[in-house]
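Below is one structure, written out as structure tokens, with a few remarks after it.
Chain letters run A, B, ... following the sequence lines, proteins first, then strands; residues in each count from 1.
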Protein chains: 2
Amino acid sequence: MNGRFAISMHILTLLAKAKGEWVTSDFIAGSININPVLVRKEISNLRKKGLVVSREGKNGGTMLAKPATQVRVSDVFLATRQGTVLGSARNSPNPDCPVGRQINRHLDSLYQEAEEALIRNLGTSTLADFVHRFD
Amino acid sequence: MNGRFAISMHILTLLAKAKGEWVTSDFIAGSININPVLVRKEISNLRKKGLVVSREGKNGGTMLAKPATQVRVSDVFLATRQGTVLGSARNSPNPDCPVGRQINRHLDSLYQEAEEALIRNLGTSTLADFVHRFD
DNA sequence: ATTACTGTAATCTATTTAGTTACAGATTTG
DNA sequence: CAAATCTGTAACTAAATAGATTACAGTAAT
């Protein structure tokens with residue numbers, strides 16, 4: 001995983017704290033200290049995953065699609081990950097070698113089991129729990 | 001995590017199967033299908049972590065430093081990871097924002113807990129278990 | 001009509017990761 | 001000791017990925 005999870009958690013935290021208000025991508029970008037376009041791209045992804053809703057035009061912005069108590073941290077993780085957490089970089093091992101021929105398959109199942117443990121852990125807390133950590 | 005974990009698991013699997021033989025980086029590179037120098041770099045890291053031993057000169061090579069039953073997959077993970085599994089890319093949030101000021105700290109503890117769950121999972125199997133998966 | 005937003009494509013830059021070349025040092029073998 | 005075969009590393013290049021920027025069309029309020 002990369003910084004996208006962090007950006008999404010930041011966005012969602014701001015939205016949770018602004019309960020019921022439309023928050024602009026410029027405001028969010030100012031808090032994260034990144035470009036507003038990146039924020040909108042990330043929001044676009046969160047919207048596709050059903051976590052937020054947006055409104056265009058003047059006084060527009062974004063808000064949570066559901067209460068923060070109903071968003072698990074694992075939902076955010078699943079929304080932002082690409083590929084696997086462990087090795088994404090895939091080698092092309094030698095098919096003439098007994099180990100090379102099978103290793104990707106075995107690594108895959110190893111990755112999958114480990115990732116399930118990770119997701120189970122992230123599934124034990126919600127966005128609301130995370131927001132409660134802030135002063 | 002990146003491809004380094006996969007490369008290290010591949011190396012260690014070959015070493016486990018060649019029990020008691022000095023295996024050359026060229027042979028390993030041929031199985032993984034990458035450059036021998038990359039293999040030696042990775043071996044250098046594994047050696048520093050006490051997982052393998054090497055011998056220079058003619059007929060030299062590398063072998064496991066201890067039985068495959070005594071190497072947990074989590075040891076390999078810990079030997080190859082850099083930074084955290086989840087967000088490595090760190091933003092520099094706005095310190096004037098209450099959320100921006102605290103988020104890195106809260107994300108850190110979230111990451112740490114999740115990573116511990118991952119490591120616990122990887123700690124349940126050994127290199128020997130992994131090697132047994134091969135035909 | 002103007003202003004303040006979102007949405008997205010296209011492009012550029014920076015960072016990270018992987019691959020390569022080059023060569024010194026170690027050890028065996030003849 | 002000389003040749004052959006390895007490791008160990010530094011220095012450099014290339015490729016892949018992530019992040020930033022520009023530009024502009026579309027939408028909604030005033």
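Using a 4.5 Å cut-off between side-chain heavy atoms of Ile, Leu, Val, Met, Phe, Trp and Tyr, with links allowed through other members, A:F27 and A:L12 fall into the same hydrophobic cluster. In the hydrophobic clustering of this structure, A:M9 does not group with A:M63; members are Ile, Leu, Val, Met, Phe, Trp, Tyr whose side-chain heavy atoms approach within less than 4.5 Å, directly or through other members. Hydrophobic clustering (ILVMFWY, side-chain heavy atoms < 4.5 Å, transitive): B:V52 and B:V37 are in distinct clusters.
Just one of A:V53, A:L127, A:L46, A:L51 meets the side chain to side chain contact (heavy atoms under 4.5 Å, CB included) condition when paired with A:L64; it is A:L127.
The 12-atom threshold is exceeded at CD of B:E113, counting heavy atoms of other residues, nucleotides or ligands nearer than 6.0 Å.
Separating the CZ atom of A:R40 from the C1' atom of D:dT22 is a distance of 12 Å, rounded to the nearest angstrom. Per the geometry, CG belonging to A:N45 stands 17 Å off P belonging to C:dT6, to the nearest Å. Whole-Å rounding puts the B:E21 CD to D:dC6 P distance at 13 Å. Remark: P of C:dT17 and CZ of B:F5 are 17 Å apart, rounded to the nearest angstrom. Atom CH2 in B:W22 sits about 11 Å away from atom C1' in D:dT7, given to the nearest Å. Rounded to an integer number of Å, the gap from CD1 of B:I11 to C1' of D:dT7 is 14 Å. Between the CD1 atom of A:I28 and the P atom of C:dC5 there is a distance of 12 Å, given to the nearest Å. If you measure from atom CD1 of B:I32 to atom P of C:dA18, you get 12 Å, rounded to the nearest angstrom.
An OP1 or OP2 oxygen of C:dT6 is reached within less than 4.0 angstrom by no side-chain nitrogen or oxygen of A:S44. Between A:S25 and C:dT6 there is a side-chain N or O to OP1 or OP2 distance below 4.0 Å.
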Could you write out each protein N or O paired with an N or O of nucleotides 25-30 of chain C at a distance under 3.5 Å?
residue	atom	partner	partner atom	Å
C:dA26	O4'	B:E56	OE1	2.6
C:dT27	O2	B:K58	N	3.1
C:dT28	O3'	B:N59	ND2	3.1
C:dT29	OP1	B:N59	ND2	3.4

Using the 3.5 Å cut-off, write out each protein N or O paired with an N or O of nucleotides 19-21 of chain C and the distance between them.
residue	atom	partner	partner atom	Å
C:dG19	O6	B:K41	NZ	3.4
C:dT20	OP2	B:N35	ND2	3.1

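Side-chain contact check for A:K49 and A:N45: at least one donor-acceptor pair (N or O, by modelled atom type) lies under 3.5 Å.
Residue B:T62 is the one, among A:P36 and B:T62, whose nearest nucleotide of DNA chain D lies closer to the 5' end (criterion: closest heavy atom).
Between B:F134 and A:H106, the angle of the ring planes goes over 60°, which puts this pair in the perpendicular group of the 30/60° scheme.
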Steps toward side chain to side chain contact (heavy atoms under 4.5 Å, CB included) verdict (B:N59, B:W22): CA-CA 7 Å; B:N59 299 334; B:W22 295 103; over 6 Å; no

Stepwise salt bridge (Lys or Arg N to Asp or Glu O under 4.0 Å) check, A:D75 with A:R72: CA-CA 5 Å; A:D75 295 332; A:R72 283 168 302 185; 3.4 Å; yes

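Which of C:dT8, D:dT9, C:dA18 sits closest to the side chain of A:R47 comes down to C:dT8.
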